[in-house]
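Just so you know, these numbers use all the heavy atoms, side chains as well, and skip hydrogens, waters and symmetry mates.
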Amino acid sequence: AIGLMATTVANVLAFVTAIKLGLLMLAATGVFALVRSYDVPAAAAYLAGVAVTLGGATQFLESPEWVAGQMVWALIPWAWWGLRRTMKGNANPFLALVFGLLTVTVGYVYGTLYLAIVVLATLVDAWVARNMAGAIRVLLVGACCGLVALTVYLPGLLTAPVTTRGEFEIKSDGRLQADVPGLLASMIPTVLSPAPLTPSFPPFPAHYIAWFLPMLAWLDLRQVRRLWRPTLGLIVVLVVGVLWALGPNQVGPLRWPIRVLPFVTLAAIVLAAVLASKAMLRRPTPLRLGVSMGWTAGAAYLVISRFWEQRWMTLTSMSLVMVGLVVVWILIRWGAADRVGPRSRPWVVVAFIAVWSLGLAALQHSYYPHPPTAVDRHMPSHIAGYSTQASTAKGDMMVVGDSDALVVANPAAMGDFLVANSWYVHPHSVQSVYSPIGFTAYNQRYCQQYNGVTCPEVLDILFDHEARTGALRADLLSVSSLHIVRSAVPELKLLSPPAGWSITGQTPWAVTWVRDRPLPTAGGVVWSSPGLDVTPQTTSAREAKLRVNAVPDQGGVVVLSRLAWPGYTVEGGNLAEPTDGYLLTIEVPAASAPQTVMVRFSPPGWSVELLALWLGLGGGLLWSLGWAVFGARPVRKRRASSRAPV
């Protein structure tokens, strides 16, 4: 739905803002439904829904930057709610399957791991409740989602050996990891930032969860002990999430565990809402208030002792948290006299906590107006602004130089350069796009970084001869235009393109070189060995059909401008070692000509993955339809009998 809407909206800025606000509302309503599934009053569920959107990592990392992370975070409470309904046996599993499958098919592996943790927690709840039938239903939902996850992730795992994520390693250098002091101080809406990714990484309140957490000191411990069974699954999610956030900052492809803090925040707030609604003392004593104030003061000390330069904003935040705690304490004790409070009129307390939460969020953003990784690249706000760059280019294009740093430092350069995946909106096919799992040999040859930028030396590499074929690398890539960062290349070299190329555009920021005779777009034949006569017939994203008119006695070799990803198959020939380490190469055996060679691509393991996909989707659909036809009737009968007079 998001993709379809994106094709019709002209104002990109308004569209992206609406999507991100929509995801925040999706998460808030999902948390409301999840908390209500624990038989919690609507007031407490409402407060949890408000608070979960205001966590520090959500506000300063996922909402401004990692939209895939924001998507799975917004879907997880709904998937969890659906699993709990399915476990209890009073609902069709369809919604649990829908939200679980949506979480998986975002393709962000953190979301799939969140879902696995939530499935485990729901199984724990079923075990504690001795609900074997419920556990089986939860396992079936997990199995359907797991089968689809196999389709989503197995191609990447089987492709990993040729990618920049091919090595499995564990690192723990402290960068972008959560820490224990930060979590203990998670009620202070000020900075207790993890070790930064780079020295220039600005501080931000990543560990902040909610200012009202010290109210947990007002719980009746006897009631809390009685609640361990219904909340055990919640506790499992929180403990696993905390251990993950505190763990190594890289485990194979999983990096920067600080990304898990929105999930930790969700679990912590849901657990706090359940405990507070069921075990809050009717009249918290002054001693309990003192404990919560002491906890807050200790948290402020942890922050100030590590970030002395943030002492005044930390003291201000601490003071506002303490004021809020005192007001809530008074309201609760006043309510205990049967005038107003959490039992007779809980919305007064809840409304104050919600408003105070928003006020502290505003204070946070006044302290830290710029999210740490949300660099302003001065992107066009309307879709029309993404088609004017490199207007004289023809055919496939590559960017030479660090265009990312250029547009950050010089907003006017956005008229000449886009960054990373924004090139996909451009009319031309551009090789310099974002890819965190790039083809290793290709990236190393052209010094291409994850965000698509290249080094200036790539200009010499493109016009160097590849050893196996003797062809220019620019020809082997089917590149017809080069869009060069002007400051990256000496002026004399910049204004002297090689033979067969001409300068078609110049600005203060960029120079464009274009072939006098542009090549076809990438994907077809770019070189064949002497004596081999090959005519391309059809070319598409997943296949190429070649007509072989003549073959030498010793056979021949064909090179295509395609990366040699695992998954290619050949009919009428054989796969050979990739040319230059990355280009798809076909050996054509000696045979009577003419003949046809078919080159096809499917992700590795595709037959198994398609089977898993249809088993997961088909099994879930049949189960949902079966419940609608056969399972709803007994439930209606039970409900009717429960209303009959005794």
Side-chain angles (χ1 to χ4, degrees), residues 31-32 34-52 54 128 183-189 208-235 237-239 265-300 317-357 359-360:
V31 167
F32 178 88
L34 176 60
V35 174
R36 291 284 283 161
S37 74
Y38 285 90
D39 298 322
V40 168
Y46 164 83
L47 180 58
V50 172
V52 79
L54 302 176
V128 169
L183 293 174
L184 291 176
S186 57
M187 78 292 297
I188 298 290
Y208 174 68
I209 294 178
W211 70 271
F212 52 79
L213 290 181
M215 290 172 55
L216 294 176
W218 308 347
L219 298 179
D220 185 337
L221 296 181
R222 289 173 298 178
Q223 293 293 333
V224 170
R225 282 195 294 270
R226 296 191 185 100
L227 291 172
W228 76 268
R229 286 180 176 274
T231 61
L232 185 58
L234 264 172
I235 295 169
V237 172
L238 182 59
V239 170
T265 298
L266 187 156
I269 288 176
V270 172
L271 180 60
V274 173
L275 293 177
S277 65
K278 295 178 177 291
M280 182 67 69
L281 288 168
R282 186 171 177 82
R283 294 181 62 86
T285 64
L287 177 61
R288 295 295 188 106
L289 176 61
V291 171
S292 62
M293 302 285 268
W295 182 4
T296 306
S317 300
M318 179 197 72
S319 300
L320 291 174
V321 170
M322 287 183 170
V323 168
L325 292 172
V326 170
V327 172
V328 174
W329 183 80
I330 292 173
L331 288 175
I332 290 177
R333 286 181 63 87
W334 188 30
D338 295 328
R339 285 177 290 190
V340 61
R343 287 173 171 77
S344 54
R345 293 173 59 188
W347 286 101
V348 175
V349 176
V350 165
F352 172 79
I353 296 176
V355 170
W356 209 249
S357 299
L360 288 170

inquiry  = Using the rule side-chain contact (heavy atoms from CB on, under 4.5 Å), only one of Ile235, Leu216, Leu227, Val35 pairs with Leu271; which is it?
reply    =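 Going through Ile235, Leu216, Leu227, Val35 one by one, the side-chain contact (heavy atoms from CB on, under 4.5 Å) with Leu271 is satisfied by Ile235 alone.
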Looking only at heavy atoms, which two atoms of [X] and [Y] are closest? And how far apart?
X: Leu213; Y: Ser186; answer: CD1-OG, 3.5 Å
X: Phe212; Y: Ile353; answer: CD2-CG2, 3.5 Å
X: Gly49; Y: Val31; answer: N-CG1, 3.9 Å
X: Ala273; Y: Ala44; answer: CB-O, 4.1 Å
X: Ala299; Y: Ile188; answer: CB-CG1, 3.7 Å
X: Arg333; Y: Pro284; answer: NH1-O, 2.9 Å

With a 4.5 Å heavy-atom cut-off, do [X] and [Y] have their side chains touching?
X: Leu34; Y: Val270; value: yes
X: Val321; Y: Pro189; value: yes
X: Met280; Y: Met215; value: yes
X: Val326; Y: Ile330; value: yes

Give, for atom [atom1] of [X] and atom [atom2] of [Y], the distance between the pair rounded to the nearest 0.5 Å.
X: Leu325; Y: Trp356; atom1: CG; atom2: CH2; answer: 10.5 Å
X: Thr231; Y: Arg226; atom1: OG1; atom2: CZ; answer: 13.5 Å
X: Leu281; Y: Gln223; atom1: CG; atom2: CD; answer: 9.0 Å
X: Leu238; Y: Leu266; atom1: CG; atom2: CG; answer: 10.5 Å
X: Lys278; Y: Asp220; atom1: NZ; atom2: CG; answer: 14.0 Å
X: Ile209; Y: Thr265; atom1: CD1; atom2: OG1; answer: 4.5 Å

Residues two or more places apart in sequence or in another chain: which of them pass side-chain hydrogen bond (donor to acceptor under 3.5 Å, both in side chains) with Ser357?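 By the side-chain hydrogen bond (donor to acceptor under 3.5 Å, both in side chains) rule, Ser357 matches Trp211.
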Partners passing ring pair (Phe, Tyr, Trp, His ring centres under 6.0 Å) against Tyr38 (at least two apart in sequence or in another chain):
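For Tyr38, no residue satisfies ring pair (Phe, Tyr, Trp, His ring centres under 6.0 Å) once neighbours in sequence are set aside.
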*asked:* Walk me through whether Trp347 and Tyr46 qualify under ring-ring contact (aromatic ring centres under 6.0 Å, His included).
replied: CA-CA 10 Å; Trp347 286 101; Tyr46 164 83; 5.3 Å; yes
Would you be so kind as to tabulate the donor-acceptor pairs closer than 3.5 Å made by side chains of residues 288-297, with sequence neighbours excluded?
from, atom 1, to, atom 2, distance (Å)
Arg288, NH1, Ala217, O, 2.8
Arg288, NH1, Leu219, O, 2.7
Ser292, OG, Trp218, NE1, 3.4
Ser292, OG, Leu289, O, 2.7
Trp295, NE1, Leu184, O, 3.4
Thr296, OG1, Ser292, O, 2.9

